[in-house]
Protein chains: 2
Amino acid sequence: MQHLDDTDKKILNLLQKDSRLTTKQLSLKLNLSPTAVYERIKKLERQNYITNYVALVNAQKIEKDFVVFVMVQLTQHSTKNIEDFEKKIMALPEIVACFHTSGTYDYLLKINLKNMKAFRKFMIEKLTEIPHISNTQSVFNIHEVFNYTALPV
Amino acid sequence: MQHLDDTDKKILNLLQKDSRLTTKQLSLKLNLSPTAVYERIKKLERQNYITNYVALVNAQKIEKDFVVFVMVQLTQHSTKNIEDFEKKIMALPEIVACFHTSGTYDYLLKINLKNMKAFRKFMIEKLTEIPHISNTQSVFNIHEVFNYTALPV
DNA sequence: CTTGAAAGTCGGTCGAC
DNA sequence: GTCGACCGACTTTCAAG
């Protein structure tokens with residue numbers, strides 16, 4: 001499968017919103033047989049268009065809805081420093097995303113915590129303990145307008 | 001359920017990584033009966049700890065792995081302007097996340113596109129068409145170190 | 001691609017502890 | 001809270017067109 005046809009795209013868009021849709025339900029939406037839908041999904045999985053299926057958890061309910069974006073500048077950009085830094089970052093469960101970025105700062109981190117107090121503790125005890133950091137800037141999330149896991153196909 | 005016990009937390013952590021685990025598979029990992037696991041999952045769903053189940057799609061395969069973070073400054077912060085802006089932003093499928101933030105800029109947008117050319121087109125034809133924007137700064141993703149959908153419970 | 005059928009598994013419900 | 005048993009619905013595979 002070199003490119004996806006409209007039916008494949010519809011399947012991907014639907015499953016990105018709700019992976020619990022059965023082949024039967026999908027077959028009704030797509031005017032296809034359940035077997036055909038099944039074969040297409042298996043193909044999408046086999047060819048790695050679909051990487052995995054996950055449950056999404058409510059950050060508020062588990063008290064992890066205080067979100068901060070921390071931009072980090074490194075002292076030097078040697079391979080060793082970068083590998084060192086990324087390794088240390090990966091070990092911190094509060095950091096849910098880490099992007100190596102262009103611009104003034106080298107990394108953009110997304111942190112999920114309980115509240116400001118937890119953030120203060122995290123910064124003092126964990127992030128500033130990591131070597132090679134020269135400077136950070138924290139941007140606080142005031143309101144999450146939206147944050148999709150789905151990509152438009 | 002006011003608070004989650006260790007078993008609930010384990011279930012949430014496991015399902016956040018792979019929602020296709022059956023109650024039977026979970027029961028073996030947790031030394032519990034499948035029914036007990038089933039009841040706990042249903043409770044977690046009912047009480048909105050688990051909001052939904054989704055398929056994750058490989059951004060590379062669908063040519064949407066060029067990621068840019070755009071920070072946006074508004075001209076004025078009136079309620080009308082904010083509502084207006086957020087509404088327009090929501091209508092753009094390239095924008096996969098939008099956070100109202102503290103600091104110099106008012107919004108942090110995450111954009112998924114094919115390449116730089118598509119980004120240029122997006123900026124010229126779509127983003128700058130939106131009213132009330134005074135200033136933007138684009139930060140390009142050089143490398144995604146990690147980007148989890150799972151939160152540590 | 002379709003239909004139909006078969007086998008095995010799972011989700012979901014039940015009564016009982 | 002736990003468990004074992006049950007049944008219908010589903011997934012998954014296959015044959016045939």
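The chains referred to below are lettered A, B, ... by the order of the sequence lines, with proteins before strands, and numbering in each begins at 1.
As rounded to whole Å, 13 Å separates atom C1' of D:dC10 from atom NZ of A:Lys42. Note: CZ (B:Arg46) to C1' (C:dG12) measures 12 Å, nearest angstrom. Atom C1' of nucleotide D:dG1 and atom CG of B:Leu4 are separated by 16 Å, given to the nearest angstrom. The CD atom of B:Glu39 sits 9 Å away from the C1' atom of C:dT13 (whole-angstrom rounding). Atom-to-atom, OH of A:Tyr53 to P of C:dC10 comes out at 16 Å; the value is rounded to the nearest Å. Rounded to an integer number of Å, the gap from B:Ile11 CD1 to D:dG1 C1' is 13 Å.
Looking only at distances, no side-chain donor or acceptor of B:Ser27 sits under 3.5 Å from a matching main-chain atom of B:Ser33. Checking side-chain atoms of B:Thr101 against main-chain N and O of A:Val139 turns up no donor-acceptor pair under 3.5 Å.
Smallest separation of non-hydrogen atoms from A:Pro131 and A:Asp84: CG-OD2, 4.1 Å.
Listed by first then second residue, pairs satisfying ring-ring contact (aromatic ring centres under 6.0 Å, His included) with a partner in residues 76-97 of chain B read B:Phe85-B:Tyr107, not counting sequence neighbours.
OP1 or OP2 of C:dC1 sits under 4.0 Å from a side-chain N or O of A:Arg40. One finds no side-chain N or O of B:Tyr38 lying less than 4.0 angstrom from the OP1 or OP2 phosphate oxygen of C:dC10.
Scored by the side-chain hydrogen bond (donor to acceptor under 3.5 Å, both in side chains) test, A:His100 finds no partners at all (sequence neighbours excluded).
Applying side chain to side chain donor-acceptor pair (under 3.5 Å) to A:Gln73 and the options A:Asn135, A:Asp106, A:Thr104 leaves one that passes, A:Asn135.
Against DNA chain D, the stretch residues 14-36 of chain B makes heavy-atom approaches under 4.0 Å through B:Leu32, B:Ser33, B:Thr35, B:Ala36.
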